[in-house]
Amino acid sequence: MIKAIDKFFPALVVLTALATLAALYLIFFYAPVEASMGIVQKIFYVHVPSAMVMYAGFTITSVASLVYLLKPNRGWDIAALTGVELGLIFCAYVLISGPLWAYKAWGVAWTWDPQLTATFVLFLLYGGYGLLRAFSGKSEQVRKIAAVLAVIAFVDIPIIHYAVKKWGGLHPVVEREGGGGLAPEMKLAASISMLAFLGIFLVLFWLRMRVRLTERQVDQLYLDVEDASHVLGKRTN
């Protein structure tokens with residue numbers, strides 16, 4: 001399976017690069033400037049895709065962690081750890097770009113809006129998972145405790161998605177239920193940007209997975225060499 005994915009990886013990189021260039025052109029030269037917010041509204045084209053791939057990373061972490069708890073396999077654990085790393089990167093960008101956009105739209109960077117607050121809680125939950133994995137060793141017990149935390153943290157994702165509908169707040173809904181929608185040019189730019197960010201996520205996810213899998217193989221080789229040296233030592237004695 002790894003070799004099959006590696007075979008198509010160069011094509012994925014090329015398509016992602018093309019989608020990224022197309023998205024940049026559409027965002028800055030094709031999509032019109034929004035009437036009320038002006039040029040700042042163009043943050044939307046990277047803010048929302050970042051949120052979507054943030055969801056993807058954390059969902060992978062939670063699902064892989066659940067599978068790992070049911071049937072322990074280091075491959076699922078590696079996928080979970082990779083997902084949380086990328087999820088935290090894109091979540092951090094969401095939490096940075098959101099207040100920048102909010103400062104122009106609402107006049108204040110942080111209002112404890114329900115959706116923004118729930119996203120910050122999500123960052124803390126999965127950040128706790130990352131810290132636990134980074135500083136608590138590599139034992140089976142630590143991996144299982146972290147996996148339980150990842151499964152519990154997933155509950156916050158639907159809360160974020162429906163926060164505006166359930167509790168209101170200032171956060172714009174745009175394309176979701178109750179939103180005003182987008183102009184065709186804006187919708188095209190947003191769609192291509194979504195594809196570009198998805199491609200970037202897949203490229204980074206697979207690269208990080210390959211690094212971790214290679215590290216695991218190297219560690220196994222060290223163990224095999226040590227075992228072989230012990231066997232040879234006993235024979236010579």
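All values below come from the heavy atoms of this structure, side chains included, with hydrogens, waters and symmetry mates left out. We number each residue from 1, following the sequence as shown. This structure is a prediction, so every number in the text was calculated from the model and none was measured.
Annotation: side chain of L88 is in contact with side chain of F58 (closest heavy-atom distance under 4.5 Å). In this structure, F154 and V63 have side chains that are not in contact, with every pair of non-hydrogen atoms separated by 4.5 Å or more. Between L100 and V40 the shortest side-chain heavy-atom distance does not fall below 4.5 Å. L202 is not listed as a side-chain neighbour of T16, based on a closest heavy-atom distance of 4.5 Å or more. With a 4.5 Å cut-off on side-chain heavy atoms, K42 and V33 count as touching.
In the hydrophobic clustering of ILVMFWY residues, with side-chain heavy atoms under 4.5 Å counting as a link, L95 and L125 come out apart. A single hydrophobic cluster is seen to contain both I43 and L188, as judged by linkage of ILVMFWY side chains at heavy-atom distances under 4.5 Å, directly or through other members. Hydrophobic clustering of Ile, Leu, Val, Met, Phe, Trp and Tyr side chains at less than 4.5 Å, counting indirect connections, unites L124 with Y55. A continuous path of hydrophobic side-chain contacts links V53 to L12 [ILVMFWY only; heavy atoms under 4.5 Å]. Linking Ile, Leu, Val, Met, Phe, Trp and Tyr whenever their side-chain heavy atoms come within less than 4.5 Å leaves V121 and L131 in two separate clusters.
Sorted by first and then second residue, the side chain to side chain donor-acceptor pair (under 3.5 Å) pairs with a member in residues 116-132 read S62-Y126, Y129-R133; sequence neighbours excluded. Among pairs with a residue in residues 89-98, those fulfilling side chain to side chain donor-acceptor pair (under 3.5 Å) read H47-S97, at least two apart in sequence or across chains.
In plain terms, the two heavy atoms of K71 and W76 that are nearest each other are O-CD1, 4.4 Å. Of all heavy-atom pairs between P32 and E185, the closest is CD-CB, 3.6 Å. The minimum heavy-atom distance linking I96 with P99 is given by the pair O-CD, 3.4 Å. Across all non-hydrogen atoms, the minimal contact from M209 to A79 is SD-CA, 3.6 Å.
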- Task: Please test I157 against T59 for side-chain contact (heavy atoms from CB on, under 4.5 Å), starting from the C-alpha separation and ending with a verdict.
- Result: CA-CA 9 Å; I157 292 181; T59 298; 4.1 Å; yes

- Could you go through the side-chain contact (heavy atoms from CB on, under 4.5 Å) check for F90 and F197 one step at a time? CA-CA 10 Å; F90 286 102; F197 269 74; 3.9 Å; yes

- Item | Audit row: Q115, I159, side-chain contact (heavy atoms from CB on, under 4.5 Å) steps and yes/no | CA-CA 8 Å; Q115 191 170 53; I159 292 176; over 6 Å; no

- Task: Check the pair T214 / V211 against side-chain contact (heavy atoms from CB on, under 4.5 Å), numbers first and verdict last.
- Result: CA-CA 5 Å; T214 301; V211 169; 5.8 Å; no

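The side chain to side chain donor-acceptor pair (under 3.5 Å) search around E85 returns R208, R212, not counting sequence neighbours. Taking I60 as the reference, F201, F205 meet the side chain to side chain contact (heavy atoms under 4.5 Å, CB included) condition, with sequence neighbours excluded. Remark: V13 pairs with F9, V203 by the side chain to side chain contact (heavy atoms under 4.5 Å, CB included) rule, at least two apart or across chains.
The structure places CG of L24 at 13.0 Å from OH of Y45, a figure rounded to the nearest 0.5 Å. The distance from atom OG of S50 to atom CD1 of I89, rounded to the nearest 0.5 Å, is 11.0 Å. Going from atom CG of L213 over to atom CD1 of I78 covers 4.5 Å, rounded to the nearest 0.5 Å. The CG atom of L86 sits 12.5 Å away from the SG atom of C91 when rounded to the nearest 0.5 Å. From I192, atom CD1 reaches atom CD1 of I27 across 10.0 Å, with rounding to the nearest 0.5 Å. Taking CG from L198 and CG from L15, the interatomic distance works out to 11.5 Å, rounded to the nearest 0.5 Å.
The backbone N or O of V84 sits less than 3.5 Å from a side-chain atom of T61, completing a donor-acceptor pair.
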Side-chain donor-acceptor contacts of residues 139-151 below 3.5 Å, not counting sequence neighbours, with atom names and distances?
| unit_1 | atom_1 | unit_2 | atom_2 | d |
| --- | --- | --- | --- | --- |
| S139 | OG | V142 | N | 3.3 |
| E140 | OE1 | Y68 | OH | 2.9 |
| E140 | OE1 | R143 | NH2 | 2.8 |
| E140 | OE2 | Y68 | OH | 3.0 |
| R143 | NE | Y68 | OH | 3.0 |
| R143 | NH1 | K138 | O | 2.7 |

